[in-house]
Amino acid sequence: MAASMFTKTFFASINPPTAPNRNQKTANSNPFSLTSLPTAHKRWKNSQDHHDTFTSTPLEYPNYGTKKHDFGGLSVQHSHKLEACRRALRKVGKDDGFECLNMINAIQRLGIDYRFEEDIDAILKGQYAKYIAHGDCGQNLHKVALRFRLLRQRGYYVPADVFNNFKDREGKFDKELDNDINGLMSFFEASQLSIEGEDILDEASSFCEQLLNAWQIRHPDDYQVSVVGNTLGNPYHKSLARFMAKKFFDNLNGTNGLWLNDLHHLAKMDFNMVQSIHQKEIVQMSIWWKDVGLAQELKFARDQPLKWYIVSMACLTDPDLSEERVELTKSISLIYIIDDIFDVHGTLEEVTLFTEAINKWDFAALEQLPEYMKICFTALNDITNQISYKIYQKHGWNPVDSLRKTWASLCNAFLVEAQWFSSGQSPKPEEYLKNAVVSSGVHVVLVHIFFQLGHGITKETVDLVDNVPGIISSPATILRLWDDLGSAMDESQDGHDGSYIDYYMKEHKDSAVKEAREKVVDMISDSWKRLNKECLISPNPFPAKFNEACLNMARMVPLLYSYDDNHGLPSLEEHMKTVLYESVPM
């Protein structure tokens with residue numbers, strides 16, 4: 001089918017305006033600023049001629065993504081080193097000892113496990129068969145905890161009662177473990193994969209944290225102090241491996257293994273190669289952001305394209321998903337812009353009409369709206385059509401209805417919040433949170449990712465993602481509650497968002513702020529347990545890569561909402577600098 005005929009039927013339900021002419025693009029001179037990228041002269045205009053549409057011509061968008069990457073001689077070196085490391089992993093895997101688990105652990109922490117997927121699967125399958133046949137690893141806490149974590153992460157269910165061997169006669173964990181630092185760190189890491197009802201892992205987390213903190217105080221000069229601190233602050237399962245990889249580079253000296261040097265060298269090459277890909281993507285985003293000129297047209301809105309890109313980078317870690325990361329960032333930018341329309345700029349009447357227009361997805365409904373809303377809707381429509389068309393071309397499924405539905409749900413949730421504020425109404429905390437899960441925007445991001453990955457798309461799975469299943473609502477809950485724990489004040493916003501803590505204290509008038517905050521921390525922990533169950537324990541119809549994207553969304557949250565006293569994001573900025581800007585010396 002010709003492209004022009006396809007697009008006629010593909011978007012026949014609407015009449016989008018002709019894409020505006022694009023001026024020549026110039027690359028941003030500094031694509032590494034978190035708060036802003038320079039913008040060009042305005043590009044988006046609300047077309048007055050709705051009838052000259054995409055129904056008679058194919059979509060013509062610049063290809064901002066980059067799929068082919070030439071690293072010259074480094075690619076050859078990388079290929080040879082990768083093959084050497086694969087041979088080493090296969091060798092230790094055949095020996096069926098514990099060394100293979102240590103090697104897998106190192107590979108994961110170096111952020112290069114995506115290069116070894118088949119070999120890791122084969123080894124862990126054998127390890128699980130060994131566990132089923134012979135039980136746990138005895139009294140070695142490090143071995144028991146590491147195998148437990150590696151197997152659970154891969155979807156193999158190992159019950160938490162394997163750790164009962166480390167309790168005393170009174171049912172408490174043995175305090176003689178306080179000198180087994182490697183065992184305690186592995187045990188703490190394992191406890192992060194708990195699900196609801198596993199009290200033993202909750203006890204383990206507190207037990208290990210207490211002993212490790214005490215050990216740090218007693219041994220301030222020990223070389224492992226930094227390792228212990230990083231374990232407590234950034235446990236592997238709840239952190240982004242690529243963001244933590246450089247710290248592991250520095251701590252490799254304390255790890256044994258003949259394969260270690262090869263892995264270290266491979267990881268450094270890999271880090272620099274992937275960093276180069278991300279830098280190219282940032283330049284593409286800079287060009288696109290300048291080209292569309294939304295920051296120039298909508299001066300009230302946040303101008304943070306690099307922050308939005310980092311969310312895409314965190315969720316979609318496969319280097320081959322370059323185009324998908326760039327496209328996803330465009331949608332994320334619209335979440336923030338629309339949020340600012342509702343929260344800081346639009347009147348209640350305006351945002352009500354805007355929400356109606358989004359639900360109808362009809363340009364005729366825009367006639368009563370101010371120009372800035374028309375510009376926003378035009379951009380949203382254009383980007384949604386572009387992404388939908390590309391997904392159809394790659395995966396044979398037209399997601400346009402699902403994507404429009406997510407945007408409508410988002411605006412409906414934003415409108416509910418606007419109505420609460422306008423009326424002075426204080427919803428019950430449960431009512432607030434149910435709506436806030438949708439207004440977080442996580443559903444919009446993850447539905448886009450589901451279709452972009454292109455695996456397991458069926459009517460059943462589409463119906464599931466359209467209705468915010470637990471695998472989506474759990475990271476959304478984590479994000480919203482993390483946001484509410486802070487000041488909920490972004491760097492440049494003057495909005496009036498409520499928070500779960502506010503509404504909880506209004507309903508429980510005798511509660512102190514400390515009590516309300518502790519409740520929110522517990523709710524975040526419970527949401528992680530539900531997410532663990534969805535992704536790692538309960539069978540679900542979603543592919544592993546989508547499960548991982550949902551986990552990555554939750555892992556990204558602390559970086560997005562760890563504001564300092566100046567409403568800045570120093571932790572995020574530091575990670576951005578480390579991951580995107582500073583290469584690793586070879």
Side-chain angles (χ1 to χ4, degrees), residues 98 101-102 104-105 108-109 124 127-128 131 135-219 224-239 241 244 474 478 518-519 521-538 551 554-555 558:
F98 185 70
L101 296 185
N102 274 330
I104 292 173
N105 181 42
Q108 290 181 346
R109 292 180 180 278
L124 293 181
Q127 286 286 326
Y128 188 64
Y131 162 74
D136 58 52
C137 299
Q139 296 299 318
N140 187 311
L141 180 59
H142 173 56
K143 290 182 178 181
V144 173
L146 180 58
R147 187 163 73 171
F148 175 90
R149 178 173 67 81
L150 293 178
L151 288 174
R152 271 218 178 178
Q153 282 175 182
R154 218 64 174 187
Y156 293 104
Y157 178 69
V158 179
D161 61 15
V162 296
F163 296 110
N164 282 329
N165 288 342
F166 302 97
K167 288 188 172 184
D168 58 26
R169 293 179 179 178
E170 297 178 357
K172 305 291 184 181
F173 286 115
D174 193 341
K175 290 185 178 180
E176 292 185 5
L177 294 168
D178 63 349
N179 289 317
D180 184 4
I181 299 307
N182 288 329
L184 289 173
M185 287 193 291
S186 293
F187 198 10
F188 180 77
E189 294 276 12
S191 71
Q192 306 304 305
L193 285 88
S194 65
I195 61 175
E196 292 171 304
E198 290 185 324
D199 295 340
I200 188 173
L201 292 183
D202 293 337
E203 295 171 26
S205 179
S206 299
F207 173 78
C208 294
E209 187 173 6
Q210 179 182 353
L211 292 186
L212 289 171
N213 279 324
W215 182 88
Q216 285 182 294
I217 295 172
R218 296 196 309 270
H219 303 86
Q224 280 193 295
V225 165
S226 63
V227 182
V228 171
N230 190 55
T231 297
L232 293 173
N234 304 288
Y236 177 82
H237 180 62
K238 293 183 180 177
S239 302
M244 299 296 136
S474 293
I478 291 168
E518 288 174 350
K519 178 174 177 58
V521 170
D522 289 342
M523 292 172 68
I524 291 172
S525 176
D526 291 342
S527 296
W528 259 110
K529 291 175 182 179
R530 288 192 293 272
L531 182 59
N532 286 340
K533 185 176 182 180
E534 289 283 346
C535 293
L536 308 175
I537 305 297
S538 300
L551 286 166
R555 292 163 177 155

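No experiment lies behind these values; they were computed from the predicted model shown.
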What one should report as the nearest heavy-atom pair of His237 and Asn532 is NE2-OD1, 2.7 Å
When rounded to the nearest 0.5 Å, the distance separating NZ of Lys529 from CD of Gln192 is 10.5 Å
Aromatic contact between Tyr128 and Tyr157, with the criterion being ring centroids under 6.0 Å apart: yes or no? no
When every non-hydrogen atom of Leu101 is compared with those of Leu150, the smallest separation belongs to O-CD1, 3.6 Å
Residue set satisfying side-chain contact (heavy atoms from CB on, under 4.5 Å) with Ser239, at least two apart, ordered chain then number -> Asn234, Pro235, Met244
For Leu551 and Trp528 the tightest heavy-atom approach is CD2-CZ3, 3.9 Å
Validation: residues 182-190 side-chain donor-acceptor distances under 3.5 Å, sequence neighbours left out:
from, atom 1, to, atom 2, distance (Å)
Asn182, OD1, Gln224, NE2, 3.1
Ser186, OG, His142, ND1, 2.6
Ser186, OG, Asn182, O, 3.1
Glu189, OE1, Tyr236, N, 2.7
Glu189, OE2, Arg109, NH2, 2.9

Worksheet item: Given side chains that start at C-beta, do those of Lys172 and Lys167 come closer than 4.5 Å, heavy atoms only?
Response: no
* Would you confirm whether the ring centroid of Phe207 sits within less than 6.0 angstrom of the ring centroid of Phe173? => yes
* Any side-chain heavy atom of Tyr131 sitting closer than 4.5 Å to one from Val158? -> yes
For Leu232 and Glu209, the nearest pair of non-hydrogen atoms, with its separation, is CD2-CA, 4.0 Å
- request: Go through the steps for Lys533 and Glu196 under the test salt bridge (charged side-chain N to carboxylate O under 4.0 Å, His left out), then give the verdict.
  value: CA-CA 8 Å; Lys533 185 176 182 180; Glu196 292 171 304; 5.4 Å; no
Would you indicate whether the side-chain heavy atoms of Ser191 and Asp202 approach each other to under 4.5 Å?
no
Sorted by chain and number, sequence neighbours left out, side-chain contact (heavy atoms from CB on, under 4.5 Å) with Glu176 holds for Asp174
Between Arg530 and Ser474, the two heavy atoms sitting closest are CB-OG, 3.8 Å
